[in-house]
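To keep things clear, I will list the structure first and then write my remarks on it.
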Amino acid sequence: MVKKLLIFLGCCIVIYSVYYDLTYGTLPKATPAAVDKTKETYYNIKVEPGDTVISLIEEKEGTLPVPIEQIIKDFRTLNNGLSPEEIKIGQTYKLKNY
């Protein structure tokens with residue numbers, strides 16, 4: 001009787017192990033490669049009447065991909081500390097490609 005019980009428990013453990021391996025896997029998940037922040041791209045855009053930094057990004061991306069504070073920070077970084085409120089019609093500025 002004990003022998004049959006041990007065989008039954010052994011089979012249960014093997015079946016559970018196979019099920020767990022097939023369902024969740026036993027290998028560690030791959031981590032995404034680290035993004036090199038220095039190689040992020042940007043594009044140049046010429047400002048037309050009525051354009052704002054937000055409207056230019058929305059035209060390209062559809063919606064704002066990041067918070068406005070991040071857009072302002074990125075704009076200042078790419079344009080030598082220039083504030084988004086200081087853009088001028090006809091000038092070309094760098095915008096981050098999100």
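Numbering of residues begins at 1 and proceeds along the displayed sequence. These figures come from a predicted structure and were not determined experimentally.
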Would you mind writing out the side-chain donor-acceptor pairs for residues 76-84 within the sub-3.5 Å range, not counting sequence neighbours?
| residue | atom | partner | partner atom | Å |
| --- | --- | --- | --- | --- |
| T77 | OG1 | K73 | O | 2.8 |
| N79 | OD1 | K94 | N | 3.0 |
| N79 | ND2 | F75 | O | 3.0 |
| N79 | ND2 | K94 | O | 2.8 |
| S83 | OG | E85 | OE1 | 2.1 |

Under 3.5 Å, which donor-acceptor pairs link side chains of residues 51-60 to any protein atom two or more places apart or in another chain?
| residue | atom | partner | partner atom | Å |
| --- | --- | --- | --- | --- |
| D51 | OD2 | E48 | N | 2.8 |
| T52 | OG1 | S55 | N | 3.0 |
| T52 | OG1 | S55 | OG | 3.2 |
| S55 | OG | T52 | N | 2.8 |
| S55 | OG | T52 | O | 2.9 |
| K60 | NZ | N97 | OD1 | 3.2 |

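Smallest separation of non-hydrogen atoms from Y93 and V47: CD1-CG2, 3.4 Å.
To the nearest 0.5 Å, atom CZ of residue F8 and atom CD1 of residue I13 are 10.5 Å apart. Atom CG in L6 sits 11.0 Å away from atom CE in M1 (nearest 0.5 Å).
Residues L95 and Y42 form no side-chain contact, since every pair of their non-hydrogen atoms from C-beta on lies 4.5 Å or further apart.
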Between I71 and V66, does the side chain to side chain contact (heavy atoms under 4.5 Å, CB included) criterion hold? Intermediate values first, please. CA-CA 7 Å; I71 293 171; V66 294; 3.5 Å; yes
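A side chain to side chain donor-acceptor pair (under 3.5 Å) check over residues 2-25, counting only residues at least two apart or in different chains, returns the pairs D21-T26.
L64 CG: more than 12 foreign heavy atoms inside a 6.0 Å radius.
When the side chain to side chain contact (heavy atoms under 4.5 Å, CB included) test is applied to T63, no partner is found at least two apart in sequence or on another chain. With sequence neighbours excluded, the residues satisfying side-chain hydrogen bond (donor to acceptor under 3.5 Å, both in side chains) with Y98 are D74. When the side chain to side chain contact (heavy atoms under 4.5 Å, CB included) test is applied to P67, the partners found at least two apart in sequence or on another chain are E69, Q70.
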